[in-house]
Number of protein chains: 2
Amino acid sequence: MTNPLDAVFSALADPTRRAILAMLLEDDMAVTDVAEPFEVSLAAISKHLGVLADAGLITRERRGRVIWCKLEPGALRTATVWMQGFGQFEPLDLDAFERFLEQELPADTD
Amino acid sequence: MTNPLDAVFSALADPTRRAILAMLLEDDMAVTDVAEPFEVSLAAISKHLGVLADAGLITRERRGRVIWCKLEPGALRTATVWMQGFGQFEPLDLDAFERFLEQELPADTD
DNA sequence: TTCATATTCAACCCTTCGGTTGACGATTTC
DNA sequence: GAAATCGTCAACCGAAGGGTTGAATATGAA
């Protein structure tokens, strides 16, 4: 996947990965905790995190036994510039964004 | 593909489709003309146009024997809102966008 | 050392995706 | 009507994607 836009957009194309990014927007998280709300295996989430890391959207750092995942929003920059070129100059609609987050986050199973 | 974000982001994940969108940014085009600069078959381009149309990113209208493709940038709106939520509030960098376009457009074979 | 926890790796399965080719349908032109 | 042009459809192919399970690795705790 030579082109960084390929990597970023295809990473964003999966709803599980977008939900993970939304979760990481709140705070850094351990892999196990990222996986907890989803109904797929830990290995599947680990793969998703690998895709996100390859696209530069997150970084992972081992601290002791735990690997912490951290959002890297800068990776969205080139993709955002690309999209802005198509006339999307609207100001941020924070309410709309919050609705997306709720809709995208996995069901709360606490 | 229930979620519109899935459709939009996975449509954008392919470099051929992004190049098509960039071409349509200049002007509406017939399917044959869209296909001309690419090295794949017309059928392949027709499929790409179908993906873009399904994502709402373009519309197609038959006029006589020719089908005209037209950009629908409004479909990028939800995706842009989603991305803006991750801290991408930078103003449009038109120079950067032009560089992307050149880089993304197929080689000029005139 | 041994055991438990945290995460990834490897092999596999099935579906989707991007491509091809050849046939077909629609429309214009002769 | 017949022929040429425009575009899609259908069937197929190989590669990639998302999932699983079980084994392996790395670290911390007992």
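Because the structure is predicted, anything quoted here is derived from the model rather than measured. Numbers restart at 1 for each chain; the letters A, B, ... are given by sequence-line order, proteins then strands.
Closest-nucleotide positions on DNA chain D for A/His48 and B/Ala30 were compared, and the one nearer the 5' end corresponds to B/Ala30. Annotation: of the two residues near DNA chain C, B/Val51 and A/Asp33, the 5′-most nearest-nucleotide partner is A/Asp33.
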Please list, one pair per line, the donor and acceptor atoms closer than 3.5 Å that link side chains of residues 53-62 of chain B to other protein atoms, with sequence neighbours excluded.
{"residue": "B/Thr59", "atom": "OG1", "partner": "B/Glu72", "partner atom": "OE2", "Å": "3.2"}
{"residue": "B/Glu61", "atom": "OE1", "partner": "B/Arg63", "partner atom": "NH1", "Å": "3.4"}
{"residue": "B/Arg62", "atom": "NE", "partner": "B/Gly64", "partner atom": "O", "Å": "3.1"}

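Counting to the nearest Å, the P atom of C/dA6 and the CD atom of A/Glu61 are 18 Å from each other. Atom-to-atom, CD1 of A/Ile67 to P of C/dA6 comes out at 12 Å; the value is rounded to the nearest Å. Here C/dT20 presents its P atom at 13 Å from CZ of B/Phe38, a figure rounded to the nearest Å. Note: CE (A/Met29) to P (C/dA6) measures 13 Å, nearest angstrom. If you measure from atom CZ of B/Phe9 to atom C1' of C/dC17, you get 19 Å, rounded to the nearest angstrom. One can place CD1 of B/Ile45 at 13 Å from C1' of C/dT20, the figure rounded to the nearest angstrom. Taking atom CG of residue B/Asp54 and atom C1' of nucleotide D/dT8, one finds them 14 Å apart after rounding to whole Å. Protein atom CH2 of A/Trp68 is 12 Å distant from nucleotide atom C1' of C/dA6, rounded to whole Å.
As a member of the Ile/Leu/Val/Met/Phe/Trp/Tyr network built from side-chain separations under 4.5 Å, A/Val66 groups with A/Trp68.
Here the closest non-hydrogen pair linking B/Leu12 and A/Phe9 is O-CD1, 3.5 Å.
Partners of B/Val31 according to the side-chain contact (heavy atoms from CB on, under 4.5 Å) rule, which considers only residues two or more places apart in sequence or in another chain, are B/Leu42, B/Leu49, B/Ile67, B/Cys69. The side-chain contact (heavy atoms from CB on, under 4.5 Å) search around B/Ser46 returns none, not counting sequence neighbours. A/Ala44 pairs by the side-chain contact (heavy atoms from CB on, under 4.5 Å) definition with A/Val40, A/Ser41, not counting sequence neighbours.
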The contact string for nucleotides 20-30 of chain D, one letter per nucleotide 5' to 3', using protein heavy atoms under 4.0 Å with B, S and - for base, sugar-phosphate only and none, comes out as BB-----BS--
